[in-house]
K.L.:
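Below: one structure in structure tokens.
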2 protein chains.
Amino acid sequence: MEKSTICPRFEKGMQILSKRWTGLIVSQLLTGPQRFCNIESSFPISGRILSERLKYLEQEGIVKREVYPETPVRIEYSLTEKGIALAPVIREIQNWSTDWIEPAQ
Amino acid sequence: MEKSTICPRFEKGMQILSKRWTGLIVSQLLTGPQRFCNIESSFPISGRILSERLKYLEQEGIVKREVYPETPVRIEYSLTEKGIALAPVIREIQNWSTDWIEPAQ
DNA sequence: CCATGTCGTTTACTTTACGTAAGTTAGTAT
DNA sequence: ATACTAACTTACGTAAAGTAAACGACATGG
């Protein structure tokens, strides 16, 4: 295993996107801000990993976490500008999937 | 962990792209057909995993493996039509990385 | 013939990531 | 007090990935 000959920014971007679930979480948040339990029920991710990923994406400046001290307290996750900028990536993955993945596995 | 409420094709596409290294392998092969050792030296992937991923991508119909019985034997990996169709996805990830990832980590 | 080298791949073993299930905390309702 | 929900967190087992060494096919050189 040697060092890269490719662009480190691209490598880092890929690293984020190729972490399991991050793409789906971003695509889900592109439909609008929402709470933990809503994301959790959108695809078969475990709560433990969703929690871990949201924290990671927050660190990467892609996701924003906001606490609304209502009653009951509401915690809402949304995309930052950096996260919203991933929309074209998600769109292209959707296009490719529609064109090249067979509907029935 | 529950079932998905999202498009299964998109979920499958995401699954492929969010497997570690697949995006980088595809982006490397977009620069042209090449052999194992060349891909291996493009980024810090281990030979064991590169071998595993190429087999996986071949199964998914994204990568094509061709053996040229020269001396020494040459094995060349290239993208299928399905693989080449990933170019816009890779391009958008590159754009996003250029715009949003800081050069020095 | 036997040692040496290369390429792609495989095996054995360790480390890290992920999945499952149960527990925690804070607030609300019954 | 008890029960319930949302959002985590902890503990633990399994699966995936990393490291290092070895393998088989072939070629070359002594």
K.L.:
Would you indicate which nucleotide in dC18(C), dG8(C), dG18(D) comes nearest to any side-chain atom of S46(B)?
P.N.:
dG18(D)

K.L.:
Counting side-chain heavy atoms from C-beta on, which of dC7(C), dT10(C), dA7(D) comes nearest to R65(A)?
P.N.:
dA7(D)

K.L.:
Can you tell me if Q34(B) and Q28(B) form a side-chain donor-acceptor pair at under 3.5 Å?
P.N.:
yes

K.L.:
Measuring from the side chain of I49(B) (C-beta onward, heavy atoms only), which nucleotide among dG8(C), dG19(C), dG18(D) has the closest atom?
P.N.:
dG18(D)

K.L.:
Parallel under 30°, tilted from 30 to 60°, perpendicular over 60°: which one fits the rings of F43(A) and W21(A)?
P.N.:
parallel

K.L.:
Return the value, rounded to whole Å, for the distance between atom CD of E40(B) and atom P of dA20(D).
P.N.:
13 Å

K.L.:
Rounded to whole Å, please give me the gap between CD in E76(B) and C1' in dT9(C).
P.N.:
18 Å

K.L.:
Tell me the interatomic distance from I45(A), atom CD1, to dC18(C), atom C1', rounded to whole angstroms.
P.N.:
10 Å

K.L.:
Once hydrogens and angles are ignored, does a donor-acceptor distance under 3.5 Å link the base of dA17(D) to the side chain of R48(B)?
P.N.:
yes

K.L.:
Would K19(A) count as a cation-pi partner of Y56(A), with NZ or CZ less than 6.0 Å from the six-membered ring centre and within 45° of the ring normal?
P.N.:
yes

K.L.:
If you check the F36(B) side chain, which of dC7(C), dT9(C), dC18(C) turns out closest?
P.N.:
dT9(C)

K.L.:
Mind calculating the distance between OH (Y68(B)) and C1' (dG8(C)) to the nearest angstrom?
P.N.:
16 Å

K.L.:
Tell me which one of T80(B), L79(B), I25(B), L29(B) satisfies side chain to side chain contact (heavy atoms under 4.5 Å, CB included) with L57(B).
P.N.:
I25(B)

K.L.:
Rounded off to whole Å, could you give me the CD1-to-P distance for the I75(B) and dT6(C) pair?
P.N.:
17 Å

K.L.:
Between dT10(C) atom P and L54(B) atom CG, what is the distance in whole Å?
P.N.:
11 Å

K.L.:
So does K55(A) get a side-chain nitrogen or oxygen closer than 4.0 Å to the phosphate oxygens (OP1/OP2) of dT9(D)?
P.N.:
yes

K.L.:
When you get a sec, tell me which of dT10(C), dG8(C), dC18(C) is the closest nucleotide to the side chain of R53(A)?
P.N.:
dC18(C)

K.L.:
Test E66(B) against K64(B) for side chain to side chain contact (heavy atoms under 4.5 Å, CB included), laying out the working first.
P.N.:
CA-CA 7 Å; E66(B) 278 178 296; K64(B) 193 168 45 194; 4.2 Å; yes

K.L.:
Please report, rounded to the nearest Å, how far the P atom of dA16(D) is from the CG atom of L50(B).
P.N.:
18 Å

K.L.:
Across the strands shown, which category fits K19(A) at heavy-atom distances under 4.0 angstrom: base, sugar-phosphate, nothing?
P.N.:
nothing

K.L.:
So, does Y77(B) get its side chain near the phosphate of dT9(C), meaning an N or O under 4.0 Å from OP1 or OP2?
P.N.:
yes

K.L.:
Atom CG of N38(B) and atom P of dT6(C): how far apart are they, to the nearest Å?
P.N.:
17 Å

K.L.:
Give a yes/no answer on whether the side chain of W21(B) brings an N or O atom under 4.0 Å of OP1 or OP2 in dA16(D).
P.N.:
no

K.L.:
By nearest nucleotide on DNA chain D, pick out whichever of C37(A) and R20(A) is the more 5' one.
P.N.:
C37(A)

